[in-house]
Amino acid sequence: MTATKSKSLPLAKRGLNFEMLMWIFTRLSALAMYALILFAIIGALIMGARTQMNMADVLRWGFMPNLSHVQNTNVPDIAPWSTPFWRAVASLLLLVATAHGVHGLVVICDDYIVKPRGRQIVRLISIVFMIAMIAIGLYVVWTL
Amino acid sequence: MALKRNVSLASALRYKGQGPMLTYILHRIGGVGMAVFVTVHILASFVGGKAGIFANSIYENWLFQIFIFFCVLFHAINGLRITISDLWPKLIQHQREAIWVEWAVFLPIYGIAVYVIIRAALGG
Amino acid sequence: MANVHEFDVVVVGAGGSGLMAGLYASRGAKTAVISKLYPTRSHTGAAQGGISAAFGNLEEDKPEWHTYDTVKGSDYLGDQDAIEFMCNEAIDAVLELEHMGLPFDRTPEGRILQRNFGGHTNNETGKPVRRACHAADRTGHMILQTLYQQCLKNKVNFFDEYQVLDLLLVNGKAAGVVAVELATGELHTFHAKAVIFATGGHGRIFEVTSNAYAYTGDGAAILLRRGLPLEDMEFFQFHPTGIYKLGILITEGVRGEGGVLINGKGERFMPKYASHVKDLASRDVVSRAIYTEIREGRGVNGQNYVYLDSRPESIIKYAAEDGRTNPDGSPYTITAEELLKKLPDIVDFNRVYLGIDPMTQMMPIQPTAHYTMGGIPTNKFGEVVIDDKNTAFPGLYAAGECACVSVHGANRLGTNSLLDLVVFGKHAGLRAAEYAKQADFQKLPDDPTAEARAQFDGLRNGSGKENVFDISREMKKVMFEDVGIYRNEKGMKAAIEKIAEWKERFKHVHIADTGRVFNTELLNAWELGNMLEVADVIAECALNRKESRGGHSREDFQKRDDVNWLKHTLAWKKNGKTEIGYKPVTITKYQPKERVY
Amino acid sequence: MQVTLKVFRYNPDVDKKWHYETYNLDIEETERILDLLELVKGHYDGSLSFRRSCAHGVCGSDAMRINGRNMLACKTLVRDVGDKIAVEPLLGLKVIKDLIVDMEPFFDNYKKVLPYFINDSPLPADGKERLQSPGERARFDDTTKCILCAACTTSCPSFWGSDDYLGPAALVAAHRFIFDSRDEAASERLRIISETSGVARCHTVYNCTMACPRDIQITRAIGELKMATLTGKVD
Ligand SMILES: Cc1cc2nc3c(=O)[nH]c(=O)nc-3n(C[C@H](O)[C@H](O)[C@H](O)COP(=O)(O)OP(=O)(O)OC[C@H]3O[C@@H](n4cnc5c(N)ncnc54)[C@H](O)[C@@H]3O)c2cc1C
Ligand code: HEM
Ligand code: SF4
Ligand code: F3S
Ligand code: FES
């Protein structure tokens with residue numbers, strides 16, 4: 001008997017679909033959020049947050065590296081905190097978190113709403129909602 | 001006539017699942033909690049004005065902080081556990097240990113945070 | 001008429017034999033499979049050890065040896081033409097299962113793995129031979145699942161949870177069956193050209209049994225009521241190793257892997273009774289040996305059980321004693337890990353029901369009522385035959401444990417039943433479909449459900465003084481003690497009298513449930529009626545046969561008597577009385593001789 | 001030993017609503033819950049209805065909720081659950097009578113995943129078995145053990161939500177064939193289980209794994225399926 005041969009099905013045959021793509025997106029986005037948050041926290045510490053901010057403020061910044069999250073702190077110079085770089089990081093986090101969160105809500109709805117029509121409606125609403133949130137979020141991030 | 005299949009929330013919660021069922025419920029609460037919070041937060045920053053101030057007063061309420069921090073922390077830690085065991089299905093056989101570790105990480109951090117929040121609330 | 005369904009072939013029962021029959025019949029005819037349980041709940045799923053076929057994947061083996069072993073195992077009461085037919089078909093039958101996807105355990109070369117089983121030997125050396133193809137200790141489960149799955153694939157029509165109550169015979173031909181739909185309590189008539197019975201056995205008439213609650217002999221009783229005979233009902237197999245008191249089966253595979261029986265004094269006793277194959281002697285021999293030990297006071301702690309020892313160190317010790325070797329000639333050894341892989345469910349049963357670990361502790365065991373050798377007489381094509389000349393009854397077929405071909409004669413070898421299901425289930429299905437092609441529907445009686453309804457009404461309208469549970473418990477006890485492993489005239493006569501008494505009491509049972517939906521109380525009562533019917537025939541036939549042979553051992557006639565009793569029993573019910581006739585045994589190659597293991 | 005047995009009762013022919021009935025029984029601690037139910041049926045109330053057949057945990061008839069958790073009544077001894085015993089029907093399926101639930105949606109889901117061996121290639125030239133190494137055989141051993149008792153599926157919150165979720169038992173069946181080296185329809189099955197009603201609805205709640213009387217590592221099997229739908233690797 002020959003050794004076990006490895007078996008892999010081509011993509012076209014197994015027809016990978018949206019459901020599973022979103023499933024893996026949820027996990028990968030979770031990891032991405034960890035990475036981004038960690039990145040923002042390290043950034044804050046490098047920028048001097050150790051002495052000028054308390055832990056809660058650092059975390060708040062970490063979860064959304066947005067200028068408004070440092071305005072109430074003792075940081076003397078908030079200019080380095082509002083560079084396009086940090087705005088970009090914040091935007092990325094916003095995109096990832098909104099997609100993750102909205103899809104999460106869709107998943108929850110799927111558990112209870114079964115009729116194809118109902119599911120369509122949920123998906124429609126959530127897409128509109130997601131786009132709106134991203135637009136508003138980006139506006140806030142880039143204009144504040 | 002047969003009884004309907006509907007599972008009421010009460011009977012669902014009475015089912016004696018174990019650790020993972022509890023984490024699933026809390027994860028779900030955490031996820032929804034955060035989604036609602038983030039939405040309101042973004043909208044509040046966007047609208048500003050009176051509504052914004054009102055929203056901010058909610059965030060500053062210590063009870064709310066305890067709740068939202070729970071959502072964030074638990075969802076994040078539990079989400080990491082899920083992600084790891086999903087990406088490496090072989091690790092699923094260690095799920096019991098994973099749940100222990102999860103609580104061991106979550107409880108002290110959350111405990112300290114709650115302490116800080118309450119102290120701040122009493123002090124302020 | 002409401003609730004009348006029309007099919008060419010109707011199969012009653014969805015165990016291994018029923019599914020096989022349904023699968024094959026549906027290829028040539030419009031077929032329905034009716035079962036009182038969901039098909040996957042059938043008792044075939046409980047079979048553990050294996051299914052035999054002389055592949056010789058591990059050591060030399062051939063179908064002729066298998067044939068001879070089966071003839072010898074049957075104590076020469078098996079019909080040799082049918083046995084030869086079955087053993088020759090075995091290889092293809094098992095291969096077909098494999099081709100259907102059945103996950104057999106494998107040899108390193110990737111072929112089907114086989115193990116030893118009682119009574120299966122190399123005819124030249126007399127040593128046990130590895131003939132039982134298996135999937136861990138869940139072979140029956142895999143067969144049942146695989147066949148059910150193939151039936152789904154082939155879109156067989158199932159009527160799940162319909163209990164058949166009556167067989168319709170018109171103009172001397174089968175015309176269909178009547179069944180109750182459990183979920184609604186409604187009676188349905190299945191109008192058919194051919195009917196196949198595959199309803200399994202009736203071990204539930206005994207107190208300690210490995211059999212399912214569903215094993216109440218429905219098929220046999222229905223045919224009996226319709227005036228058809230049953231064959232060799234006195235032969236019932238007691239499996240040597242059931243869990244003490246519970247009767248849950250511990251497969252012979254344990255001994256196949258090297259386990260041994262130990263009495264209360266800590267001695268291995270089987271060599272005394274079967275010097276060649278010892279613990280792997282055929283079941284009747286081993287069961288009697290255990291009982292003899294117990295009767296002579298060598299049970300464990302003076303109780304009526306002995307030990308089955310499957311601890312790896314014991315296995316290795318006794319294997320060395322026996323000079324047992326691996327196929328390559330090296331001494332036989334086994335580790336706890338390997339054993340766990342080969343017998344996972346056995347380990348599980350011990351843990352759950354006894355709280356012991358068979359790797360470090362011995363299992364308390366006692367013989368348990370296990371298998372119905374007798375049943376509905378058929379020929380090797382599954383056609384029901386109704387007299388000593390083997391006249392087939394048109395349109396009526398039977399297969400599996402409820403049938404008596406007879407390939408098992410007075411004692412069945414382990415693993416031969418699963419084989420029987422697959423081989424004769426298939427042929428019954430093929431034959432029935434073939435018959436249905438050229439036959440016409442018989443006209444149904446005006447009120448086809450009358451008889452079934454009358455039976456139910458009878459149960460509901462008695463005086464309501466008697467309790468089904470009590471009658472059934474008394475019956476089980478008496479049958480196990482007096483018509484069990486050892487039998488004598490006095491005990492059996494008393495049992496027959498008691499059966500008559502219970503039958504009288506049964507007419508007055510109390511049925512509290514007046515509903516229609518899942519009236520399990522009514523159905524259990526109806527099943528008790530079947531068991532009483534079958535128990536009666538068993539006791540009468542056993543009393544009548546004045547010899548000891550295979551599973552039938554009489555203390556008052558201890559020897560096999562080929563001059564007077566080398567013949568099958570046929571039993572009819574006429575006006576409430578059992579009538580007994582005989583049928584010759586087909587002997588082709590193997591003349592009866594003394595049976596030593 | 002004295003136990004109290006509280007049983008969920010509902011008889012559609014007479015009751016409008018379900019209720020509990022309590023029985024005080026004197027039994028051995030080594031008796032099965034199934035034995036207690038038989039005793040009640042035999043001596044207290046013959047109308048009590050439940051399914052059972054094999055009585056030793058291999059047929060899958062008698063899955064029910066015992067003290068709030070899905071188990072087989074025949075594989076649970078009194079000593080495992082204590083002297084206060086509550087018995088209720090499975091969740092998420094219609095209750096037809098007492099402890100009997102409507103199994104059709106469960107079996108319908110099972111049937112959706114093509115739960116049968118598919119290999120239309122010609123048989124080996126020698127007409128014998130399709131070869132399979134012990135390793136390949138071991139790959140899917142765990143999921144061949146399923147007895148379709150429904151304990152898993154009816155313990156799953158996703159299934160409680162809606163029975164269009166295939167549920168763990170159906171996924172176990174899919175696993176059994178997808179990872180069988182001899183089977184050729186893995187891709188069709190993967191497509192089926194990656195629909196909205198499939199593996200994506202499993203939130204790793206583990207209730208299934210803990211309920212399974214056959215000790216099948218269901219959550220792990222589902223995990224392997226999830227990865228297989230993404231990577232296409234089925235060995
Ligand atoms: C514990 C155990 C272990 C065994 N191990 C082995 C082994 O290792 N090797 C071996 O060869 N043999 C073994 N046997 C024997 C073998 O498993 C059985 O003889 C065989 O499975 C019987 O199959 P069957 O198809 O005749 O009946 P079953 O599989 O029992 O099927 C009977 C069917 O009939 C249906 N039915 C019954 N009455 C009615 C009715 N009135 N109306 C409608 N439907 C009805 C039932 O629902 C069921 O579907 C074992 C038996 C037991 C009990
Ligand atoms: C580090 C941060 C995060 C991690 C590690 C994480 C991880 C996960 C994972 C793994 C899931 C899938 C759970 C499942 O399928 O059972 C999930 C679901 C979900 N997440 Fe997150 N998440 C994070 C942040 C967020 C944020 C910021 C939101 C809100 C905006 C959010 C909202 C949700 C929602 C609503 C669900 C669906 C819950 C469910 O299906 O039960 N998550 N999360
Ligand atoms: S996987 Fe386990 S719990 Fe689920 S149906 Fe199969 S045996 Fe029952
Ligand atoms: S309980 Fe349900 S959510 Fe998944 S792990 Fe089991 S199927
Ligand atoms: S009665 Fe068969 S599993 Fe419990």
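What you see is a predicted model, and the numbers here were worked out from it, not measured in a lab. Keep in mind that the numbers below use all heavy atoms, side chains included, and drop hydrogens, waters and symmetry copies. Lettering follows sequence order; numbering is per chain, from 1.
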Task: Shortest non-hydrogen separation from A:L94 to A:I134 and the atoms involved - done: CD2-O, 3.7 Å
Open item on the list: Heavy-atom count check: over 12 atoms from other residues, nucleotides or ligands less than 6.0 Å from B:F54 CZ?
Closed with: no
Open item on the list: Pair B:F74, B:Y110 - check ring-ring contact (aromatic ring centres under 6.0 Å, His included), show working.
Closed with: CA-CA 9 Å; B:F74 190 86; B:Y110 188 58; 9.2 Å; no
Task: Rounded distance [0.5 Å steps], CD1 in B:I66 versus CZ in B:F64 - done: 12.0 Å
Task: Segment of A:I108 engaging chain B (4.5 angstrom heavy-atom cut-off) - done: both
Task: Nearest-0.5 Å distance that lies between atom CD1 in B:I99 and atom CD in B:E97 - done: 10.0 Å
Task: Distance, nearest 0.5 Å, that separates NE2 of B:H41 from CZ of A:F63 - done: 12.5 Å
Task: Under 4.5 Å from a heavy atom of chain A, the part of B:A76 involved - done: both
Open item on the list: Please classify the contact of B:V72 with chain A as side chain, backbone, both or neither, using a heavy-atom distance under 4.5 Å.
Closed with: side chain
Task: Residue pair A:D110 / A:R123, side-chain heavy-atom distance below 4.5 Å - done: yes
Task: Test item: side-chain donor near acceptor, B:W103 and B:T23, under 3.5 Å - done: no
Task: Distance, nearest 0.5 Å, that separates CG of B:L87 from CD1 of B:I82 - done: 11.5 Å
Open item on the list: Quick check: do A:S126 and A:L105 have side-chain heavy atoms less than 4.5 Å from each other?
Closed with: no
Task: Within residues 23-41 of chain A, residues adjacent to chain B where the heavy-atom gap is under 4.5 Å - done: A:W23, A:I24, A:R27, A:A30, A:L31, A:Y34
TODO: Could you check B:D86 against B:R81 for salt bridge (charged side-chain N to carboxylate O under 4.0 Å, His left out), going step by step and ending with a plain yes or no?
DONE: CA-CA 8 Å; B:D86 274 346; B:R81 174 185 65 89; over 6 Å; no
- [ ] Spell out the residues in residues 25-34 of chain B that have some non-hydrogen atom less than 4.5 Å away from a non-hydrogen atom of chain A, in order of number; otherwise answer 'none'.
- [x] B:R28, B:V32
